[in-house]
Amino acid sequence: MTDRVLTAGTVITMDPDAPRAQAVAVSDGRIVAVGSLEECRSALPDAEVVDTGAAALGPGFVEPHSHPLMSGIATQAPARSIAPWDAPTWADVEKVFAEAIAGSDGDTPLWFAGFDALLHGHPSPKADELDAIFGDRITVVTDNSGHGVYFNTALMKRYGWDTNPPADPVAAHYGRTAAGALNGQGFELPALTEVTGPLMAQMGDPLLSAARYYALMSRGGYTSTSDMTYDPKFAAGYETLAAAPSCPLRVSMWEMSITDTYWRPTSFAAGEDWLTKAGVKLWTDGSPWVGNIAISFPYLDTEVTRTAGIDPAVAGGARSMNYTREQLDAILDRAAPAGWQMAFHANGDLALDLALDAYEGALDRHGLLGTDHRWRLEHCGAGTRAHFDRAARLGVHVSMAPFQYYYWGELLDGAMFAPEFGARWAAFADAVDSGACVSLHNDGSVSPPTPVVNIATAVTRRTRGGTVHAADQAISLDAAWRAQTINAARTLRRDHLVGSIEVGKLADFVELTADPWTVEPAELIDTVRVTGTWLGGQRIDLDAFLAAVGGGDNSAHAHLAERTAGCC
């Protein structure tokens, strides 16, 4: 590799002992010097000096909670996005439907990704509504939450489900008519897989779709990410992407506890710098947007919740738990002795109580209290200061979801929940003040991979609609930037490699159009833009990456279409 000294308007290191620099010297993919231009040239006298042209060069953003391969398959072409940030209203969704019908062959199935009943202001579609729009055209619509799928009669006929409807899969269910026939709705990952898998297998190249999502993450400034729903079936796909020229992402894996191998060690030919299995993932509850999170307070009965099909009489509560304490204990007792880092999805306050109870018991049983285990809580939407204080005491990391507040904030406060609960959703200040290690994530594809938006949301408490709720839960720019870089790296157990610009670490950088510390907080999203990323001292060429993946023989990866949805 070419030795280089990189310069920018300023270098943001995230190293508290030397927070700013003028240049960074890179050799063999690693950082060998950080400081003035003279100091870096002295460290590498023969190195090429490259002016990046960036106003600021920082450590590449780290995404501690995502699903890059699955998100690509489920949301990138040939799927068409109807996510609220691409099609904000149901009228916009109908336009996408019409364009797809007019712009494609009538025999080609249609796939739309990103429906959200709350933000689109429209009930989740059933087969009769989709039949009226698409007729005999096979059509599937996936919910943005990753917890729902909607399909028409043409798809049921293709699968033989019109005369022989399937039984509900374990941990999932289908909507049904009074006569027991399918109504065109399915909920939770096993149902989504049954509906979408055979369809995706005939529609396109799943590996190229995954590569497109890699590129989307890179354009947002991410250089390291995670797969929080890793299945060993994904291994070959990840290996192929890592081997492609100018691959833009390093990936850490959390294997789903529903596999038969979650406790087993895994190694990758690409090497641990690129791919590593870090832990085990499970879900204590569901999604706020479909009404199945475990909360002690009720959903409100409003026009918003009624339109979304959320019935306060049955939504939420302890009934939304996905596991009993005994089931969690059994999984923890199998994973903990192997040294795996546990990650529990938990949105509701009751789900957080259950997760922390199970963690404390297992940490005690396995002699891990007081150790650097870095077990994790994911999302924590309804988390309180008491939850975060307890997490800090146990050494549990907290990964928060600013996008939940940014996109749904107006609805959370007063339309979904009473203000004392909804306004304080994603309580960033409580989490940071507790002393827990706090990171921020996008949970792709539940929100676009936009770390600067995450940071701005945590700093301003401003929603996409421009309103501010519970302003006391805002945090400093330094705390938010750390949560998207070095703290996120710590949560991935990768802080020895990435997350800051320090000697010995991998030379992974993001180029920015402005120094965030010179920008008014309200202007961060519009002013601080990503112009490129670097991995291992090489500037990423996304065109070369996509061309290489698209130009290869990817037939061996067709099986990836079998598992195309699910998140969180």
Side-chain angles (χ1 to χ4, degrees), residues 64-65 228 281-288 292-299 316-318 320-325 328-329 332 341-364 368-370 373-405 408-409 412-413 416-441 443 454 457-458 461 469-470 472-475 479-480 483 487-488 490-491 568:
H65 185 119
M228 302 304 292
K281 166 72 183 303
L282 52 77
W283 297 256
T284 56
D285 66 351
S287 167
N292 63 350
I293 59 170
I295 45 177
S296 63
F297 48 91
Y299 279 86
S320 295
M321 299 287 196
N322 289 327
Y323 296 87
T324 65
R325 171 64 187 276
L328 291 182
D329 287 348
L332 288 166
Q341 184 185 15
M342 301 304 299
F344 280 16
H345 164 119
N347 270 304
D349 59 329
L350 296 179
L352 287 161
D353 289 338
L354 176 64
L356 288 165
D357 286 347
Y359 273 177
E360 185 160 15
L363 291 168
D364 184 38
L368 294 172
L369 286 173
H373 54 80
R374 306 190 197 185
W375 289 8
R376 305 174 47 172
L377 293 172
E378 311 301 308
H379 311 321
C380 308
T384 65
R385 178 62 186 267
H387 289 119
F388 300 131
D389 283 345
R390 189 177 178 194
R393 178 173 60 81
L394 294 174
V396 170
H397 286 216
V398 173
S399 191
M400 302 189 74
F403 65 87
Q404 292 186 346
Y405 176 85
W408 286 269
L412 286 163
D413 184 3
M416 293 173 64
F417 305 118
E420 60 263 36
F421 305 111
R424 298 177 69 82
W425 199 265
F428 306 117
D430 281 351
V432 169
D433 291 346
S434 75
C437 182
V438 177
S439 61
L440 305 177
H441 63 257
D443 192 12
N454 289 346
T457 302
R461 293 291 292 183
H469 308 254
D472 62 307
Q473 290 303 315
I475 59 176
N487 280 7
R490 288 191 179 116
T491 296
C568 308

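The residues of the chain are indexed from 1 along the displayed sequence.
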Sub-3.5 Å donor-acceptor pair from the side chain of N292 to the main-chain atoms of S287, do we have one? yes
Taking all atoms of both residues into account, what is the closest heavy-atom pair of D389 and S434, and its distance? OD1-CB, 3.3 Å
For G348 and D285, work out which heavy atoms get closest and say how close. N-OD2, 2.9 Å
Parallel, tilted or perpendicular for H345 and W283, by the 30°/60° rule? tilted
Do side-chain atoms of N487 reach the backbone of V438 as a donor and acceptor pair under 3.5 angstrom? yes
Students often mix this up, so state it plainly: with edges at 30° and 60°, are the rings of H469 and Y405 parallel, tilted or perpendicular? perpendicular
For M321 and L350, work out which heavy atoms get closest and say how close. CE-O, 3.2 Å
Run through M228, M342, K281 and flag the one making a side chain to side chain contact (heavy atoms under 4.5 Å, CB included) with R376. M228
For Q341 and H373, work out which heavy atoms get closest and say how close. CG-O, 3.9 Å
So how far is it from D357 CG to L328 CG, rounded to the nearest 0.5 Å? 10.0 Å
I'd like to know if R325 pairs up with D329 as an ion pair, taking the criterion as any Lys NZ or Arg NE/NH1/NH2 lying under 4.0 Å from an Asp or Glu carboxylate oxygen. yes
Pairing of D472 and R461 as salt bridge, 4.0 angstrom limit: no
For residues A480 and L440, report the shortest heavy-atom separation together with the two atoms involved. O-CD1, 3.9 Å
